[in-house]
Amino acid sequence: MLASLPSRPGIVCLTLSFAIVQAGCVTMPTAGGGGSSGQTQATSLTPAEQRMRQESAQLDVKSSLQGCLAGAAAGALLGMLSGGNRSNNMLVGAAIGCGVGLGANAYVQSKRKTYQNEEQRMAAMIADVREDNRRLAGLISSSQEVIAADRRKIAEVDAAYRKKAISIDDARRQLASVKANRDHLQKTASTLQKKEDDWVQISNLERQSGSDTTKLDAEINVLKGQVSSLQKEVKLMDKQINVSPVAA
């Protein structure tokens, strides 16, 4: 029976291969959301707009891939042990594992298996939050640069329209990129809110098990402050767009 089991390298290879395939589904979005039109619009993005999109995509892909890898590994092992056609079972198990491995509980369980020592586990979690905070700080910096430029553009377009130097159609075309940035930031803020909620849940799960989460909570509070800052910036930008005389 033991001789018929797949070798350890085979398990790792198959699991990682499947995870990489899944990760391929999470692509870095262009301004237009993909396709030839998205690629055309992406070429007209300013450096700050490009950085903003890249940084928000990296934050999202990083968290999704980590959860998928942890879930797929557990699912593949379950499939291997279930008997029958082991190769097929492992693929199915990995698919299921990836689907359920994106939550806070899967993250906690993965860390507990990796670090049975509480101090080491807390240190690893704190390091992960700090990395999220580092990436988020870069995103906020780029977003603020984009928002400042967009506010100036809104003011210029509004002034030109009031002077009848441009038509309402021309004004709306000029503000299309501003609205695209607003929409992107709203989606990003929503994703970051979910990330914040996940970290709060992770802390709660560890605290319920008796762990000291004081330092972890301090890093999570930094994350909360950054998420809140971005949300406020997006709301102000949205308000300025909506009060424009050419708002559609």
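Legend: residues meeting salt bridge (Lys or Arg N to Asp or Glu O under 4.0 Å) with Asp150, ordered by chain and number and at least two apart, are absent.
Note that CG of Asp198 is 12.5 Å distant from OG of Ser203, once rounded to the nearest 0.5 Å. Note: Gln193 CD to Leu230 CG = 11.0 Å, rounded to the nearest 0.5 Å. Separating the CG atom in Leu192 from the CD atom in Gln226 is a distance of 9.5 Å, to the nearest 0.5 Å. Between the CD atom of Gln186 and the NZ atom of Lys235 there is a distance of 10.5 Å, given to the nearest 0.5 Å. Gln201 contributes atom CD, which lies 9.0 Å from atom CD of Gln208 (distance to the nearest 0.5 angstrom). Going from atom NZ of Lys215 over to atom CD1 of Ile126 covers 6.5 Å, rounded to the nearest 0.5 Å.
In this structure, the side chains of Ile147 and Arg182 stay at 4.5 Å or more apart for every pair of heavy atoms. In this structure, the side chains of Arg121 and Gln116 stay at 4.5 Å or more apart for every pair of heavy atoms. Looking at Glu206 and Ser209, their side chains come closer than 4.5 Å, going by heavy atoms from C-beta outward. At least one side-chain heavy atom of Ser244 sits less than 4.5 Å from a side-chain heavy atom of Leu175. Residues Ser143 and Glu233 form no side-chain contact, since every pair of their non-hydrogen atoms from C-beta on lies 4.5 Å or further apart. Between Lys224 and Ser228 the shortest side-chain heavy-atom distance does not fall below 4.5 Å.
Taken together through direct or relayed side-chain contacts under 4.5 Å among Ile, Leu, Val, Met, Phe, Trp and Tyr, Val246 and Ile166 form part of one hydrophobic cluster. Both Ile140 and Leu185 sit in one connected hydrophobic cluster of ILVMFWY residues. Membership requires side-chain heavy atoms under 4.5 Å apart, directly or through other members. Under the 4.5 Å side-chain contact rule for hydrophobic residues, Tyr107 and Val200 share a cluster. Cluster membership check: Leu205 shares its hydrophobic cluster with Ile220, using side-chain heavy-atom separations under 4.5 Å among Ile, Leu, Val, Met, Phe, Trp and Tyr.
For the 3.5 Å distance criterion, the side chains of Trp199 and Asp132 qualify, holding a donor opposite an acceptor. In this structure, a donor-acceptor pair under 3.5 Å is absent between the side chains of Ser211 and Arg207. Side chains of Ser177 and Lys153: a donor-acceptor N/O pair is present below 3.5 angstrom, by distance only.
Looking only at distances, a side-chain donor or acceptor of Glu118 sits under 3.5 Å from a matching main-chain atom of Asp212. A donor-acceptor contact shorter than 3.5 Å is absent between the side chain of Asp238 and the backbone of Val234. Although no hydrogens or angles enter the test, the distance criterion places no donor-acceptor pair under 3.5 Å between the side chain of Ser141 and the main chain of Ala137.
Nearest heavy-atom pair across Ala48 and Ser142 is O-CB, 4.1 Å. In this structure, Arg151 and Leu236 approach most closely via the heavy-atom pair NH2-CB, 3.2 Å. Summarising the geometry of Leu139 relative to Glu55, their closest heavy-atom pair is CA-OE1, 3.2 Å, with the distance given to 0.1 Å. Asn133 approaches Leu223 most closely through the heavy-atom pair OD1-CA, 3.0 Å. When every heavy atom of Leu45 is checked against every heavy atom of Glu49, the shortest pair comes out as CA-OE1, 3.3 Å. Heavy-atom minimum distance, Tyr115 versus Gln120: CD2-CB, 4.0 Å.
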### Task
Start with the C-alpha gap between Asn242 and Met237, add the side-chain angles, then the distance that decides, and say whether side chain to side chain contact (heavy atoms under 4.5 Å, CB included) holds.
CA-CA 9 Å; Asn242 290 333; Met237 183 179 179; over 6 Å; no
Legend entry - Working for side chain to side chain contact (heavy atoms under 4.5 Å, CB included), residues Met125 and Glu219: CA-CA 10 Å; Met125 290 182 175; Glu219 287 297 329; over 6 Å; no
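For the salt bridge (Lys or Arg N to Asp or Glu O under 4.0 Å) condition, the pairs that include at least one residue of residues 156-171, sequence neighbours left out, are Asp170-Arg173.
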